[in-house]
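Here the structure is laid out as structure tokens; the discussion comes afterwards.
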Amino acid sequence: GVGKTTLIQKVTQALKVSGVPIDGFYTEEVREGGRRTGFDVVTLSGKRGPLSRVSSDSSSRREHRVGQYVVDLASFEQLVLPMLRNVNHGSDAEKNICVIDEIGKMELFSQAFVQAVRQTLAASGTVVLGTIPVPKGKPLDLVEEIRSRKDVKVFNVS
């Protein structure tokens, strides 16, 4: 709620306007009647799908939850994984920028996403513009791994 996604969207627009090859996704709040009911994943190519929705029903044991939200892993993976694989297979002659907003608790339920992010960070031709949460509570392994990388610059948004 401090403006990370807004900042990502503004930077993305500026890069697109200047002709830089860029792909990726951001997460957007979904609101109904003034209250937040979940989050959608929106790719830079314009595809959109649910990331999570509020659920009052806590009966299902097999679902992935963060607070009141149930994560729609299938929808998330269907939108994000092909895009990440595509970015990773770009030519090294051309630097690609990959937007990943965000690498957080909901997204990290997907082991395939964790692997794809690691591959994207390792790809020589790709610059990642991403968001990670401020640490609170139990550390998230991939987030701490990213934070401690020598080739990563972290800016705190407040």
Side-chain angles (χ1 to χ4, degrees), residues 2-30 38-53 62-67 69-157:
V2 296
K4 295 185 302 287
T5 298
T6 302
L7 181 60
I8 287 274
Q9 289 169 325
K10 288 184 176 172
V11 170
T12 299
Q13 275 313 111
L15 290 167
K16 273 184 174 177
V17 167
S18 46
V20 175
I22 187 166
D23 204 355
F25 75 93
Y26 58 90
T27 53
E28 198 168 78
E29 272 189 357
V30 176
F39 295 91
D40 275 357
V41 173
V42 183
T43 67
L44 298 187
S45 61
K47 294 180 184 153
R48 172 187 286 268
L51 169 61
S52 66
R53 292 295 183 264
R62 293 185 55 239
E63 61 194 17
H64 298 286
R65 298 181 74 95
V66 176
Y69 301 101
V70 174
V71 179
D72 187 338
L73 267 193
S75 165
F76 173 68
E77 289 180 343
Q78 196 177 359
L79 280 164
V80 169
L81 295 179
M83 179 275 305
L84 285 175
R85 288 188 190 109
N86 197 24
V87 166
N88 291 336
H89 290 97
S91 68
D92 279 354
E94 182 171 48
K95 278 262 188 237
N96 296 310
I97 297 183
C98 181
V99 174
I100 305 177
D101 170 50
E102 100 174 61
I103 303 166
K105 213 178 230 176
M106 290 184 189
E107 296 81 3
L108 294 180
F109 282 124
S110 168
Q111 285 311 300
F113 174 71
V114 170
Q115 267 184 307
V117 168
R118 284 190 174 119
Q119 286 169 338
T120 304
L121 288 168
S124 60
T126 304
V127 173
V128 175
L129 172 61
T131 61
I132 55 176
V134 169
K136 54 179 184 262
K138 184 175 174 282
L140 303 169
D141 292 345
L142 181 62
V143 172
E144 294 314 308
E145 191 181 304
I146 291 167
R147 193 186 308 282
S148 64
R149 285 177 63 113
K150 297 270 183 274
D151 59 350
V152 165
K153 176 82 179 112
V154 176
F155 299 92
N156 286 313
V157 179

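Between Gly24 and Met83, the closest heavy-atom pair is CA-SD, 3.4 Å. When all heavy atoms are compared, the tightest approach of Lys47 to Leu79 is CB-CD2, 3.5 Å.
Glu77 pairs by the side-chain hydrogen bond (donor to acceptor under 3.5 Å, both in side chains) definition with Ser110, not counting sequence neighbours. Checked against salt bridge (Lys or Arg N to Asp or Glu O under 4.0 Å), Glu29 has the following partners two or more places apart in sequence or in another chain: Arg31, Arg36. Residues that satisfy the side-chain hydrogen bond (donor to acceptor under 3.5 Å, both in side chains) test with Gln115, not counting sequence neighbours, are absent from this structure. By the side-chain hydrogen bond (donor to acceptor under 3.5 Å, both in side chains) test, Glu144 is found to be paired with Arg147, residues two or more places apart in sequence or in another chain being considered. Considering only residues two or more places apart in sequence or on other chains, Glu28 meets the side-chain hydrogen bond (donor to acceptor under 3.5 Å, both in side chains) condition with Arg48.
Counting heavy atoms from C-beta outward, Met106 and Thr27 have side chains that stay 4.5 Å or more apart. Looking only at side-chain heavy atoms (C-beta outward), Leu108 and Val143 come within less than 4.5 Å of each other. Residues Thr131 and Tyr26 fail the side-chain proximity criterion, which asks for heavy atoms closer than 4.5 Å. Residues Ile22 and Thr12 are in side-chain contact: their nearest non-hydrogen atoms beyond the backbone lie under 4.5 Å apart.
Evaluated for a side chain to side chain contact (heavy atoms under 4.5 Å, CB included) with Leu51, the options Val42, Val30, Val71, Asp72 yield exactly one hit, Val71.
At a threshold of 4.0 Å, the pair Asp40-Arg53 counts as salt-bridged, since one of the basic side-chain nitrogens sits closer than that to a carboxylate oxygen.
For the ring-ring contact (aromatic ring centres under 6.0 Å, His included) condition, the pairs that include at least one residue of residues 113-145, sequence neighbours left out, are Phe76-Phe113.
Put simply, the side chain of Thr126 never gets that close to the backbone of Thr120: no donor and acceptor are under 3.5 Å apart. Judged by distance alone, with hydrogens and angles left aside, the side-chain atoms of Gln13 form no donor-acceptor pair with the main-chain N or O of Lys10 at under 3.5 Å. Between the side chain of Lys16 and the backbone N or O of Leu44 there is at least one donor-acceptor pair closer than 3.5 Å.
Around atom CG of Asp151, more than 12 heavy atoms belonging to other residues, nucleotides or ligands sit under 6.0 Å away.
Taken to the nearest 0.5 Å, the CG atom of Leu129 stands 9.5 Å off from the CD1 atom of Ile100.
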